[in-house]
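Contents: one structure, followed by commentary.
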Amino acid sequence: MASRFQAVTLVDSPSYPNSIAWSDENLIAVASGHLVTILNPALPFGPRGLISINRSEPYPIGAVKREDLASGCLLPTTLNRDPRPSVRSVSWSNLGMAPNSGCFLAVCTTEGRVKLYRPPFCDFCAEWIEVLDLTDRLYDYLASISFEDPDIPPSEISNEPVTNHGYVDDPTDSVSMKEQKRRKVNNFGVRNAGLETSCDQISHGPSPSLELEGQGPPEGRCTKSGGRKSSHQIVPATRGRGRSAKKPPEVCILPLITADQYASRSAMLSSLVVAWSPLLKLSSRICGAPEINSSICFSLLAVGSKSGKISFWRINVPEYYSIEQSLAPTRVELIGILKAHSSWVTAISCALLASDSSTPQVLLATGSSDGSVRIWIGHGEEFLKSTEVNNAPFYPLKEIVNIYAVPVSVLSLMPTQSLHKMLLAVGRTSGAIEVWIGDTSVKTFDKAGPYDAHDQVVTGLAWAFDGCFLYSCSQDNFVRSWSLRGSSLSEMPIPSSSPGLRSVSDMPDVFISCLGLVVSPSNLAVAMVRSFDVNQLDHMYEARLQKAAVEFFWIGGHQKDILSNTSLEFDIEPLPGFTEKELVYWESNILWSLKQYEHWDKPLVIWDIVAALLAFKWSAPDYVDHVLVKWLSSSYVDVHVERSIGKVLPHVCKSFCKAASRQLHLLNIICRQVILPELKADEINSNLLNFTVDNPNFAQDKQHKLWMDLLSRSEKELRERLVGFSFSAYRSFASNSATTSSEPGYWYPFGMAQMEQWVANNNHQVHDQLKVVATEIKTCKRSRCIELAEEDKEQCSYCSAPVPFESPEFGVCRGMESNGSSGQKHKLARCAVTMQVCPITPLWLCKCCQRWISKLAPESLFKMPQQHCLDYKFSPEPSSIKVASKPQCPFCGILLQRSQPEFLLSPLPV
């Protein structure tokens with residue numbers, strides 16, 4: 001049986017399938033009762049984030065006569081006695097959607113509400129911040145079209161005052177005075193998002209504009225929409241934590257409707273499941289943006305409801321990122337409502353289809369309570385050109401009908417590396433799972449299954465290793481692993497060997513059900529959420545605080561077909577609990593995971609790779625050396641060399657000039673987090689300034705000195721690329737008479753004086769091409785000496801003393817003279833991008849190398865491919881003078897963030 005390597009308890013238990021989600025910035029969200037608990041898998045016992053779900057009042061969709069309340073269609077509403085809503089579905093957006101370039105979290109509750117939350121990066125609190133209530137916006141739209149339903153004739157309008165609960169009668173006849181008082185207190189004590197805009201917006205329609213937590217774009221700045229009119233539903237978003245700004249009315253005039261009309265309208269507003277699409281990026285040629293070389297990045301949020309319809313919301317990426325309180329506005333548009341099924345939409349899964357087309361294609365799989373599954377496809381440009389909300393830009397590819405009408409509980413859609421190929425796993429309430437293998441180009445779908453995988457509801461499905469393995473969990477408390485070979489699915493045991501097994505003996509092993517599982521970003525671990533059998537816990541202590549747990553299991557020891565006849569190429573001492581083949585499987589899976597991150601567009605989150613290598617390092621350092629040597633040989637060295645650290649590392653250093661930026665980022669992270677974990681980041685940075693292999697001050701063994709030399713050369717190569725790119729861009733700006741001011745969201749080459757000084761200080765180490773470009777920059781600066789005079793001089797932020805340039809990492813002011821003696825000197829951090837002294841404002845921080853950044857690096861720096869870095873004459877052409885900035889570390893490539901106190905949650909990608 002597999003053994004977990006870490007686990008953490010929860011104060012409440014999940015109630016619905018797919019109760020756990022893993023984000024691209026390495027955070028885990030768990031829907032546990034009326035809370036959403038947000039964990040950092042790197043520090044599971046550390047600080048947590050929290051989202052608390054409060055009760056909301058129903059929307060004023062109409063009044064129903066009291067004698068109609070006993071109608072069958074209204075029984076679920078009239079008999080509802082939930083004291084507090086719980087979380088039904090959670091979904092993370094892609095990286096880059098939040099104002100700080102992080103992820104949004106979409107939360108769907110049992111009341112049918114869908115809200116977006118962002119991390120409290122500038123609020124310094126544990127509770128996440130509500131950004132937008134999408135159900136409020138959906139109500140605004142439906143109210144503006146009077147809940148259009150041609151099947152139900154319009155009813156008469158009631159002129160009698162009615163309460164917020166939607167029936168016409170004297171409330172004193174059926175409700176006690178105590179109950180009236182309770183409802184009145186609830187109206188004012190709990191946020192009523194539906195009533196705060198209800199009556200006015202029914203008559204006047206929706207608001208014409210939208211801003212999310214922002215004050216609007218900067219004055220005088222044109223937006224990317226170019227002022228075009230759109231028929232999309234553009235709706236205003238709430239601010240802060242969703243508190244109403246005005247007092248909701250207690251009594252208003254509502255239309256008198258039938259019971260069927262009320263049930264139909266309620267179903268439209270009752271959401272059940274949410275799912276984000278991958279990030280879509282369209283060029284100016286496709287989207288028709290007015291700006292030169294501009295593009296539009298956005299993501300779709302699909303929301304399924306009880307009416308069988310799915311609403312699609314297009315949410316644009318912020319025009320610029322910020323970690324301060326004043327945030328950039330974000331546009332949200334309702335672009336379509338799709339009638340997907342005739343019954344409840346219970347599961348949604350989205351994926352980006354791999355194709356040779358220049359426009360992205362989105363695959364959508366939807367499942368219903370009537371047992372049907374449908375596969376849809378949408379084209380990127382149509383998400384921008386769609387003009388009719390009632391006609392969603394998705395087209396059917398395949399419908400799967402279950403003859404027994406067994407409801408669908410979960411779906412997992414995954415495109416393969418092959419063009420137009422996809423895999424779809426379907427989980428049902430009967431415990432059965434199905435796998436469909438499709439080719440979207442010819443619209444053929446082959447079935448692999450079904451399989452009676454579980455005895456109860458399937459509550460989680462997740463693909464791993466490019467569709468080679470499928471993991472399923474169920475309410476019967478079993479988690480199973482499946483291997484896909486061709487069109488056949490076979491069960492395989494989860495690897496029982498676990499490197500670096502931690503002691504979790506204090507956690508009771510009395511689980512009763514499993515409510516979801518998710519695979520880590522690098523596919524080496526799986527996390528699952530299980531509920532405890534509270535009857536077997538100590539009711540005085542355990543049962544009060546331990547209702548469920550999140551467990552982590554290693555899956556890197558799974559076998560693939562291509563590894564069946566391979567073996568290790570050198571002898572090591574056998575590891576306890578590992579066979580030789582299991583070590584081969586681990587080696588192959590780690591190398592596969594590292595290979596996936598060589599693509600610059602994949603977020604660099606390798607926590608599980610680092611954790612696995614560290615776990616092996618404590619017990620088998622030779623095995624880790626073997627894996628890293630094989631990775632370095634395949635990624636950096638073109639010729640065959642002796643497979644030892646001492647022989648490979650010198651060859652790797654010689655190949656840096658030909659390596660892509662992402663490869664160097666991966667190498668730097670491995671050096672810092674795996675090879676030199678005992679050294680603090682600041683200590684490594686200071687040692688790198690004047691490091692040589694023969695440096696006696698670095699008291700480590702020879703192998704560590706070789707790795708330190710490798711890290712030093714790698715970061716120097718990246719710094720040369722940044723300086724060379726800045727010089728070339730500055731030259732282009734100067735030749736085009738561009739101003740020195742930079743727009744938010746765009747990069748401008750600041751710090752020319754500091755970069756020139758760095759080149760002069762390292763004249764014997766930098767490339768000759770960079771020296772030539774630096775000489776040309778001096779000539780350009782002479783013609784603009786008045787404009788750049790202030791940039792050459794730096795002053796201390798504390799005492800205004802001059803700060804000479806001596807190091808790219810920090811600066812020390814000379815101190816102000818007082819009474820003939822020099823004053824106190826201050827050590828100041830320098831920006832890792834511009835090398836300028838950082839101002840006293842909120843700064844970006846890299847959690848790997850602990851460097852501070854005040855101005856972001858250009859996005860093009862992270863996209864540099866192989867064989868391109870030596871061309872320092874590469875620069876933005878005059879037609880593309882604007883270069884987007886990217887909140888990533890120029891030396892590690894990971895997402896930058898604002899520094900948080902130790903008692904608050906913070907993501908750790910590495």
Side-chain angles (χ1 to χ4, degrees), residues 5-6 26 40-46 498-503 520-522 524-525 552 554 556 572 575 586-587 590-591 593-594 597 604-632 645-646 648-649 652 663-689 691 693 695 697-715 718 809 832 845-851 889 891-895 897 899 902 906-910:
F5 66 91
Q6 66 182 23
N26 201 33
N40 181 353
L43 296 172
F45 301 101
S498 179
L501 182 63
R502 301 181 184 180
S503 175
S520 65
S522 302
L524 295 182
F552 295 82
W554 290 118
I572 62 172
L575 300 181
W586 266 103
E587 172 195 321
I590 290 175
L591 295 177
S593 298
L594 288 170
Y597 287 103
L604 198 52
V605 180
I606 60 172
W607 163 79
D608 46 348
I609 297 179
V610 172
L613 290 175
L614 285 176
F616 277 115
K617 183 180 178 181
W618 307 135
S619 55
D622 291 341
Y623 175 72
V624 175
D625 290 344
H626 168 75
V627 174
L628 294 180
V629 165
K630 197 165 185 179
W631 171 58
L632 293 173
I645 291 292
V648 171
L649 295 187
V652 174
Q663 291 178 309
L664 299 180
H665 293 153
L666 271 172
L667 179 61
N668 293 348
I669 294 175
I670 295 298
C671 287
R672 287 177 176 271
Q673 303 297 325
V674 179
I675 305 301
L676 306 169
E678 65 279 357
L679 298 180
K680 295 182 179 181
D682 293 338
E683 184 179 355
I684 295 178
N685 295 340
S686 61
N687 288 332
L688 290 178
L689 292 177
F691 178 82
V693 178
N695 187 355
N697 296 325
F698 189 71
Q700 294 287 340
D701 56 29
K702 182 178 180 181
Q703 183 170 312
H704 273 209
K705 288 185 177 182
L706 290 175
W707 281 105
M708 196 71 178
D709 181 60
L710 189 74
L711 177 61
S712 175
R713 293 173 181 267
S714 174
E715 292 201 350
L718 287 170
E809 300 291 344
L845 173 67
C846 174
K847 299 292 286 187
C848 180
C849 65
Q850 296 295 314
R851 289 187 171 101
C889 176
F891 299 100
C892 303
I894 66 172
L895 179 69
Q897 54 188 282
S899 180
E902 293 184 358
S906 181
L908 289 175
V910 295

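Quantities reported herein were computed from a predicted structural model and do not represent experimental measurements.
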Just by distance, do the side chain of [X] and the backbone of [Y] share a donor-acceptor pair under 3.5 Å?
{"X": "Lys617", "Y": "Val674", "answer": "yes"}
{"X": "Asn26", "Y": "Leu908", "answer": "yes"}
{"X": "Ser712", "Y": "Met708", "answer": "no"}
{"X": "Gln6", "Y": "Phe45", "answer": "no"}

Find the distance between [atom1] ([X]) and [atom2] ([Y]) and round it off to the nearest 0.5 Å.
{"X": "Phe891", "Y": "Asn668", "atom1": "CZ", "atom2": "CG", "value": "9.0 Å"}
{"X": "Ile894", "Y": "Cys846", "atom1": "CD1", "atom2": "SG", "value": "4.0 Å"}
{"X": "Glu715", "Y": "Arg672", "atom1": "CD", "atom2": "CZ", "value": "4.5 Å"}
{"X": "Leu711", "Y": "Leu706", "atom1": "CG", "atom2": "CG", "value": "13.0 Å"}
{"X": "Leu594", "Y": "Leu666", "atom1": "CG", "atom2": "CG", "value": "6.0 Å"}

Check side-chain hydrogen bond (donor to acceptor under 3.5 Å, both in side chains) between [X] and all other residues, then give those that pass, not counting sequence neighbours.
{"X": "Trp607", "value": "none"}
{"X": "Asn40", "value": "none"}
{"X": "Glu809", "value": "Arg719, Arg851"}
{"X": "Ser593", "value": "none"}

State, with a plain yes or no, whether a side-chain heavy atom of [X] is found less than 4.5 Å away from one of [Y].
{"X": "Ile670", "Y": "Leu613", "answer": "yes"}
{"X": "Phe616", "Y": "Val627", "answer": "no"}
{"X": "Ser520", "Y": "Phe552", "answer": "no"}
{"X": "Cys889", "Y": "Cys849", "answer": "yes"}
{"X": "Leu667", "Y": "Leu632", "answer": "yes"}

Provide the closest heavy-atom pair for [X] versus [Y] in the form atom of the first, atom of the second, distance.
{"X": "Trp554", "Y": "Leu524", "result": "CE3-O, 3.2 Å"}
{"X": "Lys847", "Y": "Pro907", "result": "CG-O, 4.1 Å"}
{"X": "Ser522", "Y": "Val605", "result": "OG-O, 3.4 Å"}
{"X": "Leu845", "Y": "Ser899", "result": "CD2-CB, 3.9 Å"}
{"X": "Gln850", "Y": "Ala681", "result": "CG-CB, 3.4 Å"}
{"X": "Cys892", "Y": "His665", "result": "O-CB, 3.3 Å"}

### Counterpart residues, ring-ring contact (aromatic ring centres under 6.0 Å, His included), relative to Trp707 (two or more places apart)
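Checked Trp707 against ring-ring contact (aromatic ring centres under 6.0 Å, His included); zero matches.
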### Query
Stepwise, does the salt bridge (charged side-chain N to carboxylate O under 4.0 Å, His left out) test hold for Asp709 with Arg713?
CA-CA 6 Å; Asp709 181 60; Arg713 293 173 181 267; 2.9 Å; yes
### Task
Check side-chain contact (heavy atoms from CB on, under 4.5 Å) between Gln673 and all other residues, then give those that pass, not counting sequence neighbours.
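Residues passing side-chain contact (heavy atoms from CB on, under 4.5 Å) with Gln673: Val610, Ile669, Cys848, Val910.
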### Query
Is the centre of the Trp586 ring less than 6.0 Å from the centre of the Tyr623 ring?
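No, the ring centres sit 6.0 Å or more apart.
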### Test side-chain contact (heavy atoms from CB on, under 4.5 Å) applied to Val648 and Lys630, step by step
CA-CA 9 Å; Val648 171; Lys630 197 165 185 179; over 6 Å; no
